[in-house]
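For the numbers below, each heavy atom of this structure counts, side chains included, while hydrogens, waters and symmetry mates do not. We name chains A, B, ... by the order of the sequence lines, and we start the count at 1 in each one.
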Amino acid sequence: MKNKEIAGKFLEIAHLLEIKGENSFKIRSYEKAAETIESLDHDIKDDYISGNLEELDGIGKGIAAKISEYLSAGKITKLEELRKEIPRGLLEMLKVPGLGPAKIRLIHKELGIKTMRGLDIAARRGELAALSGLGEKSAANILRGLEIASRLDGRLLMSTAENMADDFLEVIRKDKSCRAALACGSVRRGCETVGDIDLLAVSETPEKIIDTFVKIDGVEKVTSSGPTKASVYSTGDVQIDLRVVAPASFGAAMLYFTGSKEHNIALRKCASAMGCTLNEYALSDQKSGEYRAGETEKDVYKRLGLDYIPPELRENRGEIEQASRHALPSLIEAKDIKGDLHLHSVYSDGAVEIRGLAARASELGYEWIGSCDHSMSLTIARGLSVKNLMKKKKEIESLNKTSRVRILFGAEVDILSDGSLDYPDEILKELDVCLGAVHAVFNQSPEVLNKRIMRAMDNPYLDVLAHPTARLIGKRPPLALDMEKVTAKAAEKNIILEVNAFPDRRDLKEEHIRMALAKGVMLSLGSDSHALHHMDNMRYGLMNLRRAGCGKRDVLNTRTAAELSKIISSRRRKANGYSA
DNA sequence: GCCGTTTTCGGCCCGACTGTTTTCAGTCG
């Protein structure tokens, strides 16, 4: 499938046109087309073959022709020409905070600078400040922006961003004039990573809140500060923005600052179509300016004729149209979760005894847990020998006599380099649940790797494929798996795919969850806890599920212990039937 | 470049803050 690839080409065209100074609506058209293509639930080649490209939203004659050219000839002439015309370095400069297309153009035209390095040198020499339209301050901002762009190439993990946001919110909420405060933006939408942190507060006296905010310990630099809005850089050069609004605008402002940008643009179009304008203050009549809604998000959606759209779905991927015909998916919620399927104990590399895990699970309101320690080959994580595994089984049996929470006897079994599992079948058979996972030998060729996973999935005792792509966000790339094939195989063999909730794993990612859901594959959530506090990480896996539009019935963790056992024994029976 | 209940031209989402310039363009979200 080339959807993502093609979407990327159009985004590149959009950026190049920006630098060129093209009409901004033309640029927006390319961006829109890229969004449409990226969020398609099928291969765009299908539309190309059937001649229906122009029926897609935001795709007309021009862009359809470019898609056709790419699919038939493997290139887009317009993009090739733009690349020749505009030095690659100028594109990179767009990533520098404080530097936009107009200034880039100016710098390029007046000073002939076309690389980041060249820009850095000119900035240090003070050549930028001499340009008309720029001054000392702009030059200094660009210099700082360059520093940030080079240091902060990555984004923050959601968990880090949430903690930072909470630290700031705690102080803001203590201000007596603060009625409410929360994090919006990508934090509220549950994204995997966060670029900058957007905070929103409600108050009748915004200046006071802003004043509190810019003085918080941990603010390293205030980059802008007005009566209702301020931006600061906090420790680690993380940008934090705060906006303060009046109570009557709380909902409209929440919508506005939660985004996504694309969702907002689409909502404003809806508003405009019904003679209204939507901004961060309210939904109001275009002519009279009369207030229609704004105090809560629900009110605004309702006045727009839409069902309430949960933040995780606000990406303009069709959710607005779904909301208009009452067809939004009913998303899984934290309260639906009855158990955590992936917990490590002191038997392997966990820090907690099984009884401790069960006690915490009880506090969390769970009915069951899966005690899944590492298998014998993973010596670095004190993987269990068969003998210790059997000892663990006895302990679980004994604990289950009195435990309020049913403890499943499980294991996270290594998928070895040849695709065999790390315990013999007669041992695997004993497990209540068997998770299989790759923990070593990541560097196989894609062919060998895919064969390895397929072979593992052929084992009738493999119930769950845990953290399927083995990625670590920002640290280790995902395995080069053909996820279409993996999800198809999971559907065929009734294998459950895990959504690992550890903050730097979040594996499967939402795109792959959607792929699995489309094929009817069951999913499971696991915190992969190695310490007690890790059990609270389930929320991050839940974010992925919700962002993928996942409902309650799609997830194993919403079932009772009895239902879960039934699902697993039924899948094993079928799998054994296949392999016999 | 796209689109059409103001339909083949002329619109296209909206506002805060900064910096450089004296009224607004650029950037950001």
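Counting non-hydrogen atoms under 4.0 angstrom, A:Arg28 reaches nothing in the nucleic acid. No contact: A:Ser272 has no heavy atom under 4.0 Å from any strand. A:Asn264 comes within 4.0 angstrom of nothing in the nucleic acid, heavy atoms only. Within the nucleic acid shown, A:Ser225 comes within 4.0 Å of sugar-phosphate atoms alone, with no base atom in reach, counting heavy atoms only. Among the protein residues, A:Lys137 comes within range of the sugar-phosphate backbone only, with heavy atoms under 4.0 Å from sugar or phosphate atoms but none that close to a base.
Between the CZ atom of A:Arg144 and the P atom of B:dT27 there is a distance of 19 Å, given to the nearest Å. Distance A:Lys26 NZ to B:dC3 C1': 16 Å, rounded to the nearest Å. Protein atom CD1 of A:Ile27 is 14 Å distant from nucleotide atom P of B:dC2, rounded to whole Å. In this structure, the CG atom of A:Asn23 is 13 Å from the P atom of B:dG11, given to the nearest Å. Between A:Glu207 atom CD and B:dA16 atom P there is a gap of 14 Å when expressed in whole angstrom units. Separating the CG atom of A:Asn141 from the P atom of B:dT27 is a distance of 12 Å, rounded to the nearest angstrom. Regarding A:Leu134, its CG atom lies at a distance of 10 Å from the C1' atom of B:dG19, rounded to whole Å. To the nearest angstrom, C1' of B:dG15 lies 9 Å from CZ of A:Phe257.
By the 4.0 Å N-to-carboxylate-O rule, A:Arg547 lies close enough to A:Glu510 to be salt-bridged with it. Using a 4.0 Å cut-off between charged nitrogen and carboxylate oxygen, A:Glu280 and A:Arg243 count as a salt-bridge pair. Between A:Glu315 and A:Lys261 there is no salt bridge, since none of the side-chain N atoms of the basic residue sits less than 4.0 Å from a carboxylate O of the acidic one.
For the pair A:Cys276 and A:Asp196, both in contact range of DNA chain B, the more 5′-proximal nearest nucleotide belongs to A:Cys276. Residue A:Asp57 is the one, among A:Gly226 and A:Asp57, whose nearest nucleotide of DNA chain B lies closer to the 5' end (criterion: closest heavy atom).
Below 30°, between 30° and 60°, or above 60°: for A:Tyr30 and A:Phe10 the angle between ring planes is between 30° and 60°, a tilted geometry.
A:Lys208 has its side chain out of reach of A:Phe213: every pair of non-hydrogen atoms, C-beta onward, lies at least 4.5 Å apart. At least one side-chain heavy atom of A:Arg506 sits under 4.5 Å from a side-chain heavy atom of A:Met158. A heavy-atom distance below 4.5 Å is not found between the side chains of A:Val219 and A:Lys215. Counting only heavy atoms from C-beta outward, the side chains of A:Val244 and A:Ile210 approach each other to under 4.5 Å. Residues A:Asp198 and A:Thr258 fail the side-chain proximity criterion, which asks for heavy atoms closer than 4.5 Å.
When the C1' atom is compared between B:dC12 and B:dT6, the two are found 14 Å apart, to the nearest whole Å. B:dC9 and B:dC14 have their C1' atoms separated by 24 Å, given to the nearest Å. Using atom P as the reference point in both B:dG26 and B:dT20, the two lie 14 Å apart (nearest Å). The same atom, C1', is picked in B:dG11 and in B:dC17; the two are 28 Å apart, to the nearest Å. Taking atom C1' in both B:dC2 and B:dT8, the straight-line distance is 12 Å, to the nearest Å.
When the shell of 6.0 Å around NZ of A:Lys114 is examined, it contains 12 or fewer heavy atoms from other residues, nucleotides or ligands.
Contact check, A:Ser138 against B:dT20: a side-chain N or O comes under 4.0 Å of OP1 or OP2. Between B:dC17 and A:Thr228, a contact under 4.0 Å exists linking OP1 or OP2 to a side-chain N or O.
The listed nucleotides are B:dT18, B:dA16, B:dG1; the one nearest the side chain of A:Ser224 is B:dT18. Closest to the side chain of A:Tyr30, out of B:dT18, B:dC14, B:dG1, is B:dG1.
Of the nucleotides present, none pairs with B:dT8 by Watson-Crick or G-U wobble criteria with both distances under 3.5 Å.
Inspection of the A:Asp47 and A:His42 side chains reveals an N or O donor paired with an N or O acceptor under 3.5 Å. Side-chain contact, A:Ser527 with A:Asn537: no donor N or O sits under 3.5 Å from an acceptor N or O. A donor and an acceptor atom, one from each side chain of A:Thr36 and A:Asp57, are nowhere located under 3.5 Å apart. With no hydrogens or angles considered, no side-chain donor-acceptor pair links A:Asn316 and A:His263 at under 3.5 Å.
Of the residues in residues 304-316 of chain A, none lies under 4.0 Å from DNA chain B by heavy-atom distance. Listed by residue number, A:Val96, A:Pro97, A:Gly98, A:Leu99, A:Gly100, A:Pro101, A:Ala102, A:Lys103 are the residues of residues 95-122 of chain A with a heavy-atom contact under 4.0 Å to DNA chain B. Looking at residues 58-76 of chain A, you'll see A:Gly58, A:Ile59, A:Gly60, A:Lys61, A:Gly62, A:Ile63, A:Lys66 sit with a heavy atom under 4.0 Å from some atom of DNA chain B.
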